[in-house]
Each structure stands twice: as C-alpha cells, then as structure tokens.
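Structure first, commentary second.
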Amino acid sequence: MTDLQLWTYGVVTATFVLYIAIAIWARAGTTGEFYVAGKGVHPIANGMATGADWMSAASFISMAGLIAFKGYDASVYLMGWTGGYVLLAMLLAPYLRKFGKFTVPEFIGERYYSQTARIVAVICLIVASITYVIGQMKGVGVAFGRFLEVEAETGVLFGMAIVFVYAVLGGMKGITYTQIAQYCVLIFAYTVPAVFISMNITGNPIPQLGLVSTMGDGSGTYMLDKLDQVVTELGFAAYTEQKGSTLNMVLLTLSLMIGTAGLPHVIIRFFTVPKVRDARASAGWALVFIAILYTTAPAVGSMARLNLMNTIQHGPVGEPTANLEIAKVPQWMTNWNTTGLLKWEDKNGDGRIQYYNDANETFAAKAEAFGWKGNEMTKVDRDIMVLANPEIANLPNWVIALVVAGGLAAALSTAAGLLLAISSAISHDLLKGVFMPNISEKNELMAGRIAMAGAIAVAGYLGMNPPGFAAQVVALAFGLAASSIFPALMMGIFNKRVNRTGAVLGMLTGLLTTLVYIFVYKGWFFIPGTANLPNTVDYWLFGIQPESFGAVGALINFVVAIVASKLTAPPPAHIQHLVEDVRVPKGAGVATGH
Amino acid sequence: MSNPAAAYWRENIRLVSILLVIWFVASYLFGIILVEPLNTIKIGGAGLGFWFAQQGSIYTFLILIFVYARKMNALDRKYDVHED
C-alpha cells in the first residue's frame, strides 16, 4: 500500500468511526426526535448542520470545476445557491417553524385544507429528493473508486451502511449531530488546500483575497488578468467575461434561489430549533457556514484553471518546446488518465501536448501555422478539478487524504438529509396523514425507520446503477422545488385569500409547464431520443435554458393560484385564523407536532 | 385595519421589501445586469461587477439575514408578540 493510500484509509476510517460514535450517542426515542430532533437544536449548531445538509457532492466536488471552466458565467451558481437563504430566512423558515409540525407537505395539506394538495407536495418532494440523492451516492462511489482503489459498487455499499447506522437509529437527531461533524470535516478539507494554493500562486494565504491579488512571482500582474491572458492566448474565451445571455443568467439565478428555498430537506432543518427567532438567526448562521466554502470556491476554480493551463503550456504559445512532453506528464495526470476522466492524444506526433480551443477559427488557423493538429487534451472532466487540485499543486499526502474524507462527508451528509425528508414524507404524510390516521406513535416511529431503510436501499441501487439521465435531473429537482413547493408555501403565509382550488391548480400548472419545458429539450422522462427540440440556445424559448425555467414555472404558479382563488370562495375562517397565528411568533412551542 | 396584528404585519412587509430590494441590487443588478459598466471600477484584480457576482453578493446576503433577524426581534417586542 502506498503512503497516500495509507493516509486516505486512516483519515476516512477515523471520520467514519466518529460518525458512528455520534449515532450511538444520539439515538432517537420518539417521533419528535426522529423527525425534528425534539426541536432542541441550538441555532448555531443547526446552521452548521444545515451547511452540511445543503453542501452536497456537487458543491464540494463539482462547483469549483464549473467555475474553473465557465469563469464569470458560473457566478449564477454562487449567487443562486446562497441567495436562496435570504428568501428562506425572510419568507418561509420562521413561519413554518411557528406552524410547528414535522414535514413540508403537512403545512401545505393543512393550510389548503386538502389531502390532494398534500399528496401533490409529497410527490414533488419524493421526486426532487430521490433525483438529488442519486448524485450523492454516485459521488461516494467515485471518491472511493479513485482514492481507495475499490470498486465503485463497494464504495456505495459502504456509504449506505454508514448512513443506515446513523439515519435509521438516530433519525433527525442522529443526522443533525453527524452533520455538524461532517461540516467540520468538509470545510477543513476544502479550505486547507485552498490556502496552500492561494499561498503558492499569489503569496496571500486567504483565498478570498488571493482571488483579487497580484501573482506571487513578483511580476505585479493581477492573478485574474494573468488567467485571462493565459486562456485567451490559447483561443479560449476570457475567464472574467460574460458569455451567456443576461436574461438567461437572471432567470437561472432566480430559479436556483427559489429552488433552494423550496427544497424540503433544507426547510425541515429549521423545524429543529426551539423558537421562531432561532429559525431566523439559524438561517443566517447556515449562510455563514455555507459562505466560507462558497467564497473560497472562486479562488479554487480560477487558480486550478491557471495551474492546469500552466502545466500543459509552460512557455510562450507557438514555441515548439513550450508544451508539456508526454513522456514527462506529472503523476496526477497519469492517475486521472486511468480513471478515464482525463485523456490526451498526440494528434500531430510531436511528443508534446497542445491544449487549446480548436473551435475558435481565428486561433485554429494560427495553431495550424505552429504545426498543431487540433486540441490534444481530448477529455478534461470538470469534476476532477477539486480532487486533483492538491496533487496538481504538489501538496502533501495528508491533504489529499483530507479532501477525500471531505468529499465523502459532503455526499453523506446531504444524502442523510434527503433520506430523512423522503422517509418522513412516507411515514408521516402518507401513512399517518392519509392511510392510517390512528397509527400509534411507536408504530409510526417503526414505520419511519423502515421507510428510511427502504429509501437507503433505493438510493444505493440507483447510485450503483445510475440512470443515464443522472446528470440531467438536477434541473428537475430545482425546477420542481421552485415551481411547485416554494410558491405554495409562500402564498400560504403571505396571502390569506389563496384557497384550496387556487393552490392545487397553481402547483399543478407550475409543475406541468416546468416539466414539459424540461422534457421538450431533454427528452420525455429523460429517455434518449424523445426530445422534441435540440437543447441549444437557438431553440430555447427567448433563450431560456431548461435549467432556468423553474422561475417561470413559479411565476405561472403564483398567477394561476391568485386568479383561481379570486374566482372561488375564500378559505374557511379557521384557515384564516391559522394564517394569522403563523404570522406572529408568540405561542410557538405550544403547538406540537401531533 | 388599525389593530396591532395588522400593523405588525405591515411593518414586517415593509422591512422585508426593503431588504429584498437590496438583495436584488447586490446580485441581479450589480452581479449580472450592470456587470460590464461596473467592471471598469476595480477591486484589486477584479472588476467590481465580477467581484459582486462571485464575492460581494454573498457577503451582502449574510448581512441582510442578520439585519432581518435583529429588526424582527425588535419588532416582536414592540408589538408584544415575542416568545416567552
């Protein structure tokens, strides 16, 4: 076993032992503990748990890679996935905490006095959460596969076993305290390499400042200017320049924000704090903990891109000896080449690698004059950037081991939160709410545990056999949350006049228009070959990409719900009183979950 | 409409509206719509628009939530609807 493997096994095992120890300490004895951790979580602790719950394998592994290759345009993810917390804090969290129940569909069902509304919400919740959890399980498999050199399947099985222990035993209580530990692991793992790399490149150890600093080589050039220069010299678009349309960027940011605020696994975290004022503060703390990673990511992305470009093109463009010799590729490139995520091909037979944008005609003509015969980096998977970063920067092995443990913590903590949202929707909303209203607390707790075990099995199976559309479905999760759940919750609090008919019609039209728009471009139910139009900017309605449509779906939902409610009878008096009661903090904690 | 519950709710809506205007300005306006003109102003190596899109908007969101939490707690006390 190599030194790196030893480190990786050591660090990963230590974190897993910690999670299990926490699980045994934080067992759940009641449905209240299982669903909402007994509503006794301190707002700062809940903020930390929310950070881990929210930051998934996508935030930890994929986001910096997206930023590295999209540059300024990737700002939509940075703003979209943080700005949603402002909406959550001011429009939903305190009021839903005051309502004081266990699940999101439960609020929708009671506020709109309708089992139909509750069931529509349950379906949206389950579809959004399942699609999300597949990605987490896949992330677990990849991390294990690359660094522990076991089969991805074995990795997923191992991840399932760990989640099983703390989620089934501890429910929300176990999940909360393991998420706090996982947050510490993941944020440490993310910031340590970032500090090293920022120090290496700019001489400034704080990545947020390194991003706007000059290069550490004494040239006096700003890092971002240098990066723009390096990429444009090779025919790529400038890093800091806007490429997409403004309308699409605005709508994508808005869809991600509304979707974030409407994702049930995030909302239910705010049911765990003792008071309404704790829910407000907790949203702020959650964003503090999330912002530490999200403000670091732009530095990681830009510096990783600069490192990658400089590794391959280490001298002036066009000079024959200025490109990386294939015989001398660094070890990290060989390692990632074996995973198939990084590939190169010596098209012009000069024994060196040329990495440039051959789709740029002006530059391609120049390249031909250099004797280059096309871009030779035939595959650079974006997802490897964060994982490969410490290797690219020659950081010590313990840092690489830490990054693996961090990636696993990010994936497992999000998976657990999603699985809890799914199992509580099944045992509390469907079983107790619809099919067996008289079920005893003890049996409901048992049902919750069985639903959790079932959800873990389904998630694990899908993680091992990811459907071909796994990458596409993130749009679906955010689209569903934005177009159906968020508007129903917000109107339930802010508009007393919206009634059962309006809410159900609004949710269904918002949901269906969003689904149809996604399916038209991405294939019906993501089945390949069934798309009606090519998924490119020329065919999008007003240049709106399918991922951006959630905001439009939400708007449709609002309009339909308000108009339909005006045309029908107002909600009964007791519902209006319920809304008035939810609007003031006084009396929270008296309302219980039963 | 002069009852205290309605007044409390009006003040709440007013506060949230002001904060959401700032939320919109920091992200959509500075980070996206006005990015190019703002980029002529520099914060170190980054254009101001670029900086707002990748850093400044997130810091603004943080401040907004804590201001909201503080002001709402004060409002709860003013109208005597706070907990315990």
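Here is how names work: the chains are called A, B, and so on, in the same order as the sequence lines, proteins then strands, and each is numbered from 1. Just so it is clear, the model here is predicted, and its values are computed rather than measured.
The two residues Val582(A) and Lys98(A) have their closest heavy-atom pair at O-CG, 3.6 Å. Across every non-hydrogen atom of Ala46(B) and Val212(A), the tightest pair is CB-CG1, 3.7 Å. Ala279(A) and Arg97(A) make their closest contact through CB-CB, 4.0 Å (heavy atoms, listed as atom of the first residue, atom of the second, distance). The nearest pair of heavy atoms linking Ala291(A) to Ile58(B) is CB-CG2, 3.7 Å.
Contacts of Leu209(A) with chain B are absent, with no heavy-atom separation under 4.5 Å from either backbone or side chain. For chain B, no part of Ile290(A) is nearby; none of its heavy atoms comes within less than 4.5 Å. For chain B, the nearby part of Ile67(A) is the side chain; its heavy atoms alone come within less than 4.5 Å. With a 4.5 angstrom heavy-atom cutoff, Met223(A) does not touch chain B via any of its atoms. Both the backbone and the side chain of Leu254(A) have a heavy atom closer than 4.5 Å to some heavy atom of chain B. Both the backbone and the side chain of Asp80(B) come within contact range of chain A, each with at least one heavy atom under 4.5 Å from a heavy atom of that chain. Only the side chain of Tyr59(B) comes within contact range of chain A, with at least one heavy atom under 4.5 Å from a heavy atom of that chain. Contact of Ser57(B) with chain A is made through the side chain alone, with heavy-atom distances under 4.5 Å. Proximity to chain A (any heavy atom under 4.5 Å) is shown, for Asn73(B), by both the backbone and the side chain. When heavy atoms are compared at a cutoff of 4.5 Å, Ile63(B) does not approach chain A at all.
In terms of non-hydrogen atom pairs under 4.5 Å with chain A, the most contact-rich of Arg70(B), Met72(B), His82(B) is Met72(B). Ranking Met90(A), Glu241(A), Met249(A) against chain B, the residue ahead of the rest is Met90(A), based on heavy-atom pairs under 4.5 Å. Of the residues considered (Ala281(A), Ala283(A), Gly83(A)), Gly83(A) shows the highest number of contacts with chain B, using heavy-atom pairs under 4.5 Å. Between chain A and the options Leu64(B), Thr60(B), Ile32(B), Ile43(B), the largest number of non-hydrogen pairs under 4.5 Å is found for Ile32(B).
No salt bridge links Asp217(A) with Lys226(A); every basic N to acidic carboxylate O contact stays at or beyond 4.0 Å.
In terms of modelled atom types and a separation under 3.5 Å, the side chain of Arg305(A) and the main chain of Ala68(A) share a donor-acceptor contact.
Within the 4.5 Å cutoff, the side chain of Met490(A) has no heavy atoms near those of the Leu87(A) side chain. A 4.5 Å side-chain heavy-atom check between Trp9(B) and Glu580(A) finds every atom pair outside the cut-off.
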Show your working on side chain to side chain contact (heavy atoms under 4.5 Å, CB included) between Ile493(A) and Phe99(A) and close with a plain yes or no. CA-CA 10 Å; Ile493(A) 298 157; Phe99(A) 180 65; over 6 Å; no
